[in-house]
Amino acid sequence: MAKKLRSKKGAERLSNAIIYVILVIISFIWLVPFAYMLMQSFRGEIGLATSSFFPRKWTFDNYIKLFTETKPFNFLKWYGTTLIIAVVVTVIQTVIVLVTSYALSRLRFKMRKPLMNLMLVLGMFPGFMSMTALYFLLKLMNLTQDFGIVGLIFVYVGSSCMGYYVCKGFFDTIPRSLDEAARIDGASRRMVFFKIILPLAKPIIIYTVLTSFLAPWGEYMFASLITLGNQNNWNVAVGLKEMLQRETAAEYFTRFCAAAVIVSIVPTGLFFMLQRYYVEGVTGGSVKG
Amino acid sequence: MTERIPELEYLKMTALQKFGYNFVWFFTDIPNKFKRFFTAVIPALFLRLWYTLKGWFSVISNAAKYGDWKTRMSFVVMGFSHLARKQIMRGLIYLVFEVLFVLYMVFFGAGQLAMFGTLGTHERGSYIDPVTGIEKYTAGDNSLLILIYSILTLFIIVAFVYLWYYNLKTGYAAQEIEEARKKLPTARDDIASLADEQYHKTLLSVPLLGLTIFTIFPIIFMIFVAFTNYDVNHNPPTTLFTWIGWDNFAKLFGGGAVGAANNFGKVFLDILIWTVIWAFFATFSNYILGMIVALIINKKGIRLKKLWRTILILTIAVPQFISLLLMSQMLSDTGFVNTMLQEWGITSGPIPFLSDGTVAKVTIIVVNMWVGIPYTMLMCTGILMNIPEDLYESAKIDGAGPVKAYMKITLPYVLHVTTPYLITQFIGNLNNFNVIFLLTGGAPLLSEGAAGGAGQTDLLITWLYKMIMNEKLYGVASVISIMMFIITAAISLVVYNRSKAVKNEEDFM
């Protein structure tokens, strides 16, 4: 009996050891590219790649040049643009998502189901499909090129009510008896929203803020179209991609790495700080579909 | 397999068999699904539309038949019924909209609609100014503006008709309230009700306006463009474009006018096949491996769980475009990986990770795993924690080993819960722009002179991007957009209809 127990323990230990080995390999694979990026950002030699992981000549130049040089690439401007877009989009999108979710979760009106079906169908059109139309529409309103930032904000915010699923799923789980009690006490639906639902919705508000803040940092498709030919209004995604164009890739690769490190700081930091809420949203969303 | 196996046999299967069966069934059933879609779903939709319209007509005819003179005046002067019953605010709102609409139509809308049939007839001319010697242009029609403004006018007309109907409805309702000798709601009541009974109108007006302008309008515009010859040779304001019927569709499906470089049909098919293959592998490789990673991290007795997770989550936290651009450089012919491989003498020349079509396809799927596994891992971790512990306890007491417990408890549970996620992932991957565009940009070229500059690793969506940005083939691009919509819509409608999460919405309340 004791022997059997010991052998079982041994098998357990062996399987755990194998798992640790796998985990270490996985971690290695996942970390190396980022470590490489960090190292390369301090590299003094130019060129796309050198034959060593660590820089032979350490330097801060790549970072300094990012902030001091404005030609041909004006990184600081891109960063500012992206930050402004992200902040404005976050505020507007969060409000729209909350409001839509409350209406669809708690209020009952004739168009509710048709509306939800409509949004489902609209969500199946490739977002890209509307691209040309949006471009011309914004051009008519003079919101491309010089006012590209405003145009981009409109595009990102425009259909944000379609992202109501996760938030509505959360609202659905708040017991209805709460609002009914308040309604009996004479609260209007507006008061129920502000006094009962919103105070309980902190996790989902944070989730919405987080996701809507992170999205504009990596958006390339619309940003490249709407700011076409106007460097000043590029966001970081378009700008950094431009840095790696075939002609400039070798020269600017180290600077790209430096820029990437700087761009990553805010989103990554924020993400790790609010990770818990993100996980809740993702799992909640998947469970509810 | 034309019919599902009997329920009893289905119930006898293990979870994995059930999943496999459902998977195969899903694809074999596609023709039937289409049949059902056209014989059941579409007619039901029209039936509902018909009833709605019938409801409208009955409201209108009631207002005409039983309305007093005040209500009847509303047919012509909107809001009259309210104004005459001292509901000044309501009446004025209707009236203002009517005046605005008439002014818009007279001075602008009608003119645009008149040109809708031809999309303009006068091409822009140019002449050399005799005084300055600079080339100047005579004003011509701009097909693009005509099209946009016409659609806008159509939208406005539809909205106005609805408002007109609503004016009759509320006007007649006001009359009924008056006849019942009850108090008519005042302006103050109306405003109060916008915060209560009518609160959904207050909340949803702005989001829906955004939806209409930024989603519905562009889609309708694209559908119209699909029937025009809008391309680089018919490009306003220099030249006009016009309606060409189904020619763009014919281009895509062979036949039709055969032009010089008309290989759209073949290219479309090639890209479609790769798009589906990609979506399949991208979705399932991430799903299966992500679940395995979550399981081994979650295994009892493994320490530092949080550390392992955090390392993986790094790819979610760092903006995706950075990881992808970085990868594209590291894997390029002169990039880090190839330099190192040659330095160590493992290979003599660079491995064409991203420059050879076939290799690039594999590379893309592998890199996508690197990007995507953490998402599945994160999600599965949450779900695994939700499985009640006593299920495993009782399984243990019944003598089930870890493998059996996994097959009987974990897998079915996770599969059940994440099916909607799988579907959305699949559809998301069909339209995954970033991974392809930032890694390879669709390169290498499919063939010399491939339609729309298509590359071997291009998905439909990146092909579309190139067509619009570089080749300016708006007409054909619209047709492809419509095709993409039909494909995604067909898949998702069927699946969403089956998914319980949508059906049992009220269970949570």
Side-chain angles (χ1 to χ4, degrees), chain A residues 16 19 22-23 27 30-31 33-34 36-37 48-49 51 96 99-100 102-103 107 109 120-122 124-126 128-134 136 140 155 157-159 161 172-173 176 188-190 217-218 220-221 237 240-241 244 253 260 263-264 267-268 271-272 279 282-283 286-289, chain B residues 144 148 195-196 199-200 203-204 207 210-211 213-215 218-219 221-222 296 299 301-302 308 311-312 314-315 317-322 325-327 329-330 334-336 339 343 378-379 382-383 417-418 420-421 431 433-434 461 464-465 468 474 481 484-485 488-489 492 496 499 501 508-509:
Chain A
N16 277 2
I19 287 178
I22 296 174
L23 284 175
S27 308
W30 254 263
L31 282 180
F34 293 121
Y36 177 72
M37 181 174 92
L48 189 56
S51 52
I96 290 185
V99 153
T100 313
Y102 175 72
L107 306 178
F109 47 97
L120 193 71
V121 173
L122 288 179
M124 292 166 205
F125 279 90
F128 189 72
M129 176 173 170
S130 50
M131 209 180 82
T132 26
L134 274 178
F136 293 123
L140 274 187
V155 170
V157 163
S159 339
C161 60
D172 284 346
T173 58
R176 295 211 109 200
S188 70
R189 287 176 177 83
R190 191 179 71 88
W217 289 88
Y220 179 86
M221 212 164 66
L240 292 195
K241 167 102 167 84
L244 295 181
F253 180 67
V263 170
S264 308
T268 310
F271 185 88
F272 276 114
V279 176
V282 170
T283 44
S286 72
V287 172
K288 286 274 298 157
Chain B
L144 183 67
I148 289 182
D196 204 3
Y199 195 38
H200 59 273
L203 291 183
L204 290 179
L211 192 73
I213 298 176
F214 291 98
T215 307
I219 288 173
F221 174 82
M222 281 309 259
I296 62 174
K299 186 175 179 297
I302 297 293
W308 306 121
I311 289 172
L312 283 171
L314 204 60
T315 47
V318 173
Q320 212 188 52
F321 82 95
I322 288 181
L325 283 177
L326 183 72
M327 279 296 188
Q329 292 309 313
M330 284 175 76
T334 52
F336 175 66
T339 314
E343 181 80 3
L378 207 58
M379 198 188 61
I383 295 167
V417 169
T418 53
Y421 168 81
N431 293 323
F433 178 85
N434 268 6
I461 189 143
L464 208 61
Y465 180 87
I468 289 173
Y474 301 109
S481 304
M484 281 167 75
F485 166 72
T488 34
S492 26
Y496 275 108
S499 113
F508 291 88
M509 299 185 177

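All chains are named by letter (A, B, ...) in the order of the sequence lines, taking the proteins before the strands, and each is independently numbered beginning at 1.
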Shortest non-hydrogen contact between [X] and [Y], atoms and distance:
X	Y	answer
B:A317	A:F272	CB-CE1, 3.8 Å
B:P207	A:V99	CG-CG1, 4.5 Å
A:G218	B:F321	CA-CD2, 3.4 Å

Side-chain (B:D196) to main-chain (A:S188) donor-acceptor, under 3.5 angstrom: no

Look up atom [atom1] in [X] and atom [atom2] in [Y], then write down how far apart they are to the nearest 0.5 Å.
X	Y	atom1	atom2	answer
B:L312	A:S27	CG	OG	6.5 Å
A:S159	B:L211	OG	CG	6.0 Å
A:L31	B:L314	CG	CG	6.5 Å
A:I22	B:I296	CD1	CD1	5.0 Å
B:F485	A:L122	CZ	CG	8.0 Å

With chain A as the partner, which of [options] has the greatest number of non-hydrogen pairs under 4.5 Å?
options	value
B:I213, B:I302, B:T315	B:I302
B:K299, B:M327, B:Q329	B:Q329
B:L378, B:L326, B:T339, B:N434	B:L326

Which atoms of [X] come close to chain A, meaning under 4.5 Å heavy atom to heavy atom: side chain ones, backbone ones, both, or neither?
X	result
B:F221	side chain
B:F336	both
B:L144	side chain
B:Q320	neither

Mutual orientation of the aromatic rings belonging to B:Y465 and A:Y220 [parallel < 30°, tilted 30-60°, perpendicular > 60°]: tilted

Listed partners of A:L140 passing side chain to side chain contact (heavy atoms under 4.5 Å, CB included), at least two apart: B:L145, B:I148, B:Y149

Residues which pass side chain to side chain contact (heavy atoms under 4.5 Å, CB included) with A:S264, listed by chain and number, not counting sequence neighbours: A:M37, A:T268, B:V318, B:P319, B:I322

Most contacts with chain B, counted as non-hydrogen pairs under 4.5 angstrom, among A:F253, A:F271, A:F34, A:W217: A:F34

Chain B contacts, top residue of A:T100, A:V155, A:V157 (heavy-atom pairs, under 4.5 Å): A:T100

Region of A:L107 in contact with chain B, defined by heavy-atom distances below 4.5 Å: side chain

Pair A:V279-B:M379, side chain to side chain contact (heavy atoms under 4.5 Å, CB included): steps then yes or no: CA-CA 7 Å; A:V279 176; B:M379 198 188 61; over 6 Å; no

